[in-house]
Chemist: 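Before I ask anything, let me first share the structure, which is written out below as structure tokens.
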Amino acid sequence: MSLYNRITKKLRLNKWALAVTLGVMSLTFSAEAAQEVELDLDETIQRALANNRAIKQSIASRESAYWSFRQARRQNNPIVSLGANWGFGWGIANLSTYGEQHRRFAETASVTLPIDVSGAYKEGRIYARYGINAADLELENALQTVRQQATSYYFNILQCRNLIRVAEENIQTLQEHLKNVNAQFRAGTVAKADVLSSEVNLANAQQNLVNAQNNYDIAVATLDNYLLLPADTIIHPQDTLTYIVYDIDLPTCIAYALENRPDVAAADYAVKRAESSIRSAKAGYKPTLNATASAGTSSHHFPLRPDSEGEAWTIGVSASWNVFDGGITEAQIRQAEAALIRAQEVAATTRESIQLDVQSALLTLRAAEKNISTTQVAIRSAEEDYHIAQVRYAAGVGTNLDVMDASDKLTQAKTNYYTALYNYNMAKSSLDKAMGIPIGIDVTRYVAAEEAGKSALEAREAAAITTNSEKVEMEEVAPPVTVDLSDSDYINAPIELYDDNKPDDTQKIDDSNKIDSTNKIDSDKKSDDTNKPVEDKKSDDTNKPAEDKKSDDTNKPVEDKKPDDTNKPAEDKKSDDTNKPAEDKKSDDTNKPVEDKKSDDTKTDKSDNNEDLVIFK
């Protein structure tokens, strides 16, 4: 085989090997990249609590505080020390031994027991004990912060999903309108400018959808990072933003927060630690006392004389008192007193900040709650305005600009509704954090157990939240943020949600989960014998603003009918036997050019000025 053939064959084999390797790598990568996770709010919080680094840091801080306490407790333990000495020597006691070399060995053992007559060791233990208490409360505060942050990231995903839904619906509406405009343009009833304007608005809506989808991807990536998930993990949220009445007043919230916020209790323990530091510094004015016991042996080895050996032991008490230390103790006392003042001010500032946090969160909650109801009304009005604009445009009375403006207002109204719902849930989560809704330990029970003399471990066990009854009791005072889609009480809240409270509404982003017209408060009803380019909402007993049902089986393209047979230019209906030039009046069985007549379904609503607003049905 020639060299060329061998090289070609080798390259061919390498090519196949490379293809197989790349295929395996692509399959592996695609398998890893295709990781999808379905999360609800509770599971998101649990993952955050298990993996968050801030919590791990707080746990390490508590461990450090525990060993500092163990060190302080062992200051009073006896100290046992052993010693040994070995060396050479030369005797110079007399001329006979002058210059004689010898070896010396000595072994000693001693025990020293500190006696805390000044109280410094006791204050050291108290100071370290308060350090453990503060570390426990800081850990609880970290848990609550992580819960609130994970909830915020999760709600942000839900909000981005809702805005994608609004953008998709806007595109669908504009596409349908563009079809109608093109049809009328081909029929020669509208100008080319209307088609171009509709295309521009559709392109802008598509760009808004791209931006909304990008914001959703960023929100998912942010939550992935916070939960320590792979960066390409696809999260499918299983909840929807809901409106749940949160009936609680400001004084109750503030009182609950001041009793249950862990940072308030931690600030109080910081004050106690500063007080202990003052007492520990004042101990420098008192004497120190130690009890000691020692024993030892020694031996001398001489080359020309017999060896000598000896034993000795001692027991006693040693005391020392710094009568004058150069002002060091006084400086330490002044430093501790200044630290106490600072700790007291920090505690007061913490309480004031908590009151402001609670008030701000509650005011935001109430404002968002009001916006939910007002935006629902705005959606109803925007829907009616859009349908009227479409009918007017189809009849040749309105302009394309009116339809575009009405479409933008409808999209903005839906966006405002979802924003209000998002702000409400976010404010509710912030209020829970501001009030100190417990997650690991009950702060009031922890403080009570510590004041009763229990150790830090016993206090944690006594304050641990482990039973459902405890959680229910706390939820009655200040219920935590929950997303419950199966509770009928939530679904039947006083303010009805706009297509966001269905129990089975757990769709993904690419699902065709739009805001159903059957879920709207004023849904469109279409009769069996009526076909319209854009459907109008119809209700048997309800009068709509700017669109009423016409009596006597006659429909007009947005015109007024005067009972005194007075004609208005281009829009009033003449008497019963008179026809307008631009609008044909038919008999009871005549259909209009743009829409179908209904014989028995239309009704008349009289206004205060005896004018009937007529709308096609």
Side-chain angles (χ1 to χ4, degrees), residues 45-46 49-50 52 54-78 114 116 119-147 255-280 343 346-347 350-351 354 432-433 435-478 480:
I45 294 174
Q46 293 302 321
L49 296 177
N52 188 265
I55 294 178
K56 295 179 180 179
Q57 294 172 10
S58 298
I59 293 175
S61 298
R62 188 181 67 177
E63 189 75 8
S64 175
Y66 168 75
W67 287 108
S68 295
F69 175 70
R70 293 296 298 269
Q71 176 185 354
R73 285 188 59 183
R74 295 172 182 178
Q75 292 292 331
N76 271 9
N77 291 346
D116 188 19
Y121 296 149
K122 177 182 177 181
E123 293 301 330
R125 292 192 299 269
I126 294 175
Y127 182 88
R129 166 68 182 275
Y130 288 149
I132 297 179
N133 299 139
D136 285 336
L137 295 170
E138 289 172 359
L139 175 59
E140 173 65 17
N141 188 50
L143 293 173
Q144 295 180 15
T145 301
V146 169
R147 178 183 61 185
Y256 186 91
L258 294 178
E259 291 181 359
N260 292 272
R261 277 284 292 262
D263 43 354
V264 172
D268 292 339
Y269 280 118
V271 173
K272 293 181 179 180
R273 296 185 77 185
E275 294 173 347
S276 177
S277 296
I278 295 177
R279 294 191 295 267
S280 179
V346 169
T350 302
R351 283 178 166 80
I354 287 173
D432 287 341
K433 174 62 176 67
M435 292 174 60
I437 302 301
I439 186 172
I441 60 174
D442 183 87
V443 174
T444 55
R445 294 211 310 262
Y446 181 89
V447 174
E450 191 277 331
E451 291 177 351
K454 293 184 178 180
S455 65
L457 177 60
E458 293 172 343
R460 283 198 303 270
E461 293 176 351
I465 299 174
T466 56
T467 62
N468 293 330
S469 60
E470 294 174 352
K471 295 182 180 179
V472 170
E473 181 180 355
M474 286 179 296
E475 289 175 5
E476 291 176 354
V477 178

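Given the structure is predicted, the values throughout are model-derived calculations rather than measurements.
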Chemist: Any side-chain heavy-atom pair from Ser280 and Tyr127 closer than 4.5 angstrom?
Modeler: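 Not in contact.
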Chemist: Output a table of donor-acceptor pairs, distance under 3.5 Å, between side-chain atoms of residues 447-458 and any protein atom two or more places apart or on a different chain; print 'none' if there are none.
Modeler:
residue : atom : partner : partner atom : Å
Glu450  : OE1  : Tyr269  : OH           : 3.1
Ser455  : OG   : Glu458  : N            : 3.3
Glu458  : OE1  : Ser455  : N            : 3.1

Chemist: Using the salt bridge (Lys or Arg N to Asp or Glu O under 4.0 Å) criterion, which residues pair with Arg273? Sequence neighbours excluded.
Modeler: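 Result, salt bridge (Lys or Arg N to Asp or Glu O under 4.0 Å) vs Arg273: none returned.
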Chemist: Which heavy-atom pair separates Ile441 from Pro438 by the least distance, and what is that distance?
Modeler: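 Closest pair (atom of Ile441, atom of Pro438, distance): O-CB, 3.3 Å.
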Chemist: Taking Val264's backbone N and O only, do any of them form a donor-acceptor pair with Arg351's side chain (distance below 3.5 Å, no angle check)?
Modeler: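 Answer holds: no.
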Chemist: Which heavy atom of Ala72 sits nearest to which heavy atom of Ala128, and what is that distance?
Modeler: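 Minimum heavy-atom separation between Ala72 and Ala128: CB-CB, 4.0 Å.
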Chemist: What heavy-atom pair brings Asp116 and Lys122 nearest, and what distance separates the two atoms?
Modeler: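 Shortest heavy-atom separation between Asp116 and Lys122 comes out as OD2-N, 3.1 Å.
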Chemist: Would Glu123 and Ser276 satisfy side chain to side chain donor-acceptor pair (under 3.5 Å), going step by step from the backbone distance to the final call?
Modeler: CA-CA 6 Å; Glu123 293 301 330; Ser276 177; 3.0 Å; yes
Chemist: Would you give the length of the straight line joining atom OH of Tyr130 to atom CG of Asp268, rounded to the nearest 0.5 angstrom?
Modeler: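 Spacing of OH (Tyr130) from CG (Asp268) equals 11.0 Å.
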Chemist: Measure across Arg445 and Ala462 and return the closest heavy-atom pair with its distance rounded to 0.1 Å.
Modeler: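 The answer is NE-O, 3.2 Å.
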Chemist: Run the numbers on Asp136 and Arg62 for side chain to side chain contact (heavy atoms under 4.5 Å, CB included), then give the verdict.
Modeler: CA-CA 6 Å; Asp136 285 336; Arg62 188 181 67 177; 2.6 Å; yes
Chemist: Do Gln71 and Trp67 pair up side chain to side chain, a donor and an acceptor below 3.5 Å, judged on atom types alone?
Modeler: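 No.
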Chemist: Measure the shortest side-chain to side-chain distance between Ile465 and Ile439 over non-hydrogen atoms and say whether it is less than 4.5 angstrom.
Modeler: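 Of all side-chain heavy-atom pairs linking Ile439 with Ile465, none is under 4.5 Å.
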Chemist: Where do Ala134 and Ala266 come nearest, in terms of heavy atoms and distance?
Modeler: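 That would be O-CB, 4.5 Å.
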Chemist: Is any side-chain heavy atom of Lys272 closer than 4.5 Å to one of Asn133?
Modeler: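 Not touching, per the 4.5 Å side-chain cut-off.
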Chemist: Evaluate the side-chain proximity of Ile55 to Leu139: yes if any heavy-atom separation is below 4.5 Å, no if none is.
Modeler: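 In short, these two side chains touch, coming nearer than 4.5 Å.
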Chemist: Go through the steps for Thr350 and Arg261 under the test side chain to side chain contact (heavy atoms under 4.5 Å, CB included), then give the verdict.
Modeler: CA-CA 10 Å; Thr350 302; Arg261 277 284 292 262; 5.8 Å; no
Chemist: Would you give the length of the straight line joining atom CD1 of Ile132 to atom OG of Ser64, rounded to the nearest 0.5 angstrom?
Modeler: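 Rounded to the nearest 0.5 Å, the CD1-OG separation comes to 10.0 Å.
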Chemist: When rounded to the nearest 0.5 angstrom, what distance separates CD in Glu140 from CG in Leu137?
Modeler: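 One gets 8.0 Å once the value is rounded to the nearest 0.5 Å.
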Chemist: When rounded to the nearest 0.5 angstrom, what is the spacing between NZ in Lys433 and CZ in Arg147?
Modeler: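 It comes to 9.0 Å.
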Chemist: First locate atom CG of Asn77, then atom CD of Gln75, and finally report the distance between them rounded to the nearest 0.5 Å.
Modeler: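 Between Asn77 CG and Gln75 CD, I get 9.0 Å after rounding to 0.5 Å.
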Chemist: Below 4.5 Å, heavy atoms only, C-beta onward: do Asn260 and Asp442 meet side chain to side chain?
Modeler: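 Yes, side chains in contact.
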Chemist: Give, for atom CD1 of Ile59 and atom CG of Leu143, the distance between the pair rounded to the nearest 0.5 Å.
Modeler: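 Atom-to-atom, Ile59:CD1 and Leu143:CG are 7.5 Å apart.
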Chemist: Have Tyr66 and Arg70 got a donor and an acceptor in their side chains that come within less than 3.5 Å?
Modeler: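 There is such a pair (donor and acceptor under 3.5 Å, judged by atom type) between the side chains of Tyr66 and Arg70.
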